[in-house]
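One structure is given below, encoded as structure tokens.
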There are 2 protein chains.
Amino acid sequence: MSVDVLALHFDRSARRIVLGLTTRTWEPFRGEPALPGVLLGDGERLRDAATRALTGKVGVAGTDISGIGQVVTFDEPNRDPRGPTLSIAMWAGVTTAESGVWASLDELPDLAFDHRRIVDDCRTILAGELWRDPALSRALTGQRFPTADAVDITASLTGRAPDRGNLNRTLRGVPGLHRTDERVAARSTGRPAVVWEWDD
Amino acid sequence: MSVDVLALHFDRSARRIVLGLTTRTWEPFRGEPALPGVLLGDGERLRDAATRALTGKVGVAGTDISGIGQVVTFDEPNRDPRGPTLSIAMWAGVTTAESGVWASLDELPDLAFDHRRIVDDCRTILAGELWRDPALSRALTGQRFPTADAVDITASLTGRAPDRGNLNRTLRGVPGLHRTDERVAARSTGRPAVVWEWDD
DNA sequence: ACAAAAGTGTTAAAATTACACCCATGG
DNA sequence: CCATGGGTGTAATTTTAACACTTTTGT
């Protein structure tokens, strides 16, 4: 029973979401990139296991984790050559991506085990929950963010650019999120974007 | 890490779904009704664990299980007084409810642990997946069934009677399901209902 | 003929999606 | 004043939900 984490970080300058990876130190798949994962300890909570995976395998500081949530459980017989195992997939928001390996969602290297499949499946699910699940949304945006970031996050996660107008209206309906009067120039040109802020 | 099963059987004569329960033989909650559950064995698949729970704790024959599926994983710290544990909730369709204790979804006794909460949460989820997930739908209806059964199943799972007309159209859109020319009198009076049949 | 149950037809309401057009800023 | 990005308005489409009305059977 392992917990595998999709560590998501929104890279503002690259305008896309990057995924935190580790390099496997043991067989099987030694040397190949993989999702950070740990075996679930006895009586350990899922979020604790996920945190352990992030700090231990990617080098993320505990304080840089902005949110954790459950995605799905994978139960395929051939996912691990060592025998049938279970994998609980979790998402985690990470505020800084300094240590560890980070790859764009659209340019992933070959991953160990069935991790590629896990990423693909989870990406679809998470794309559907974005702006519906406040915890996930907030973990990706941070406390305050311009609309431009929301556009980039949506585009990066869903794989295609959203309609800006519709997204703007969608944001108005997100519980716990409100518009501020503030504007900020997110790009070098063009109209400045509204700043959105999560209630505390 | 336990697997807890919502054993669902559609009782045609009672026109409702009943839930299979066990009586706990050990502390804690000794003597109280509970969802059939087992500890997940090393390398055991979820469906195997669920089957083991049904056969061992409710007395269901393996051949009477019409389908098994995953619902969600519960990870609440206080769910078990013995310490933090994880519970993977599964649904299972059961074709005959002869041995074991079966209770209507709407008249459940007090259950051990947080099983009442599990049932409530899963019921909401399953109600949403009915007629969308063919595996779940088919496990409840059986290979062939009149529209009347679909009405009863929907009413029993969602808690309120569906619009017959809309449900009829919904069934037309279910993948793998088709109408037959056959009609059957499901009630003592009224127009006979169309029989639906799953492909294969 | 009447009540009960099943189906069909139609409409209303809501949620998604698409797109035209106006606004604000940098160069 | 023009290119670029942000925002509003509006319409088309699709999905859900509601409800009136017709059909078929037993009593």
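The chains referred to below are lettered A, B, ... by the order of the sequence lines, with proteins before strands, and numbering in each begins at 1.
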A/Arg169 CZ - D/dG7 C1' separation (whole Å): 9 Å
Derivation and outcome, salt bridge (Lys or Arg N to Asp or Glu O under 4.0 Å), residues A/Arg116 and A/Asp110: CA-CA 7 Å; A/Arg116 181 53 194 263; A/Asp110 287 340; 5.5 Å; no
Residues touching DNA chain D, which here means a heavy atom under 4.0 Å, drawn from residues 170-190 of chain B: B/Ser188, B/Thr189, B/Gly190
B/Arg123 and B/Asp106 ion-paired at < 4.0 Å: yes
Identified side-chain contact (heavy atoms from CB on, under 4.5 Å) counterpart of B/Leu140 within the set B/Leu126, B/Thr95, B/Ile153, B/Asp149: B/Ile153
Reported CG-to-CD1 distance for the pair A/Leu8 and A/Ile17, which is rounded to 0.5 angstrom: 6.0 Å
Residue-level proximity of residues 151-163 of chain B to DNA chain D when a heavy atom falls under 4.0 Å: B/Arg160, B/Asp163
Whole-Å gap separating C1' (D/dT22) and CG (B/Asn168): 14 Å
Distance-only check: which donor-acceptor pairs under 3.5 Å involve side-chain atoms of residues 188-197 of chain B, not counting sequence neighbours?
from	atom 1	to	atom 2	distance (Å)
B/Trp196	NE1	B/Thr147	OG1	2.8

A/Asp114 and A/Ile118, any side-chain heavy atoms less than 4.5 Å apart: yes
Within residues 122-150 of chain A: residues closer than 4.0 Å to DNA chain D (heavy atoms): A/Thr147, A/Ala148
Contacts of B/Asp152 that satisfy side chain to side chain donor-acceptor pair (under 3.5 Å) - sequence neighbours left out: B/Arg15, B/Arg187
Base C/dT25 to side chain A/Arg191, donor-acceptor N/O within 3.5 Å cut-off: no
Closest non-hydrogen atom pair, B/Leu105 against B/Ser156: CD1-O, 4.0 Å
Residues forming a side-chain contact (heavy atoms from CB on, under 4.5 Å) with A/Arg52, sequence neighbours excluded: A/Val38, A/Glu44
Whether A/Trp131 and A/Phe145 hold their rings parallel, tilted or perpendicular, with breakpoints at 30° and 60°: parallel
Touch class at under 4.0 angstrom, heavy-atom based, for B/Asn166 against every strand present: base
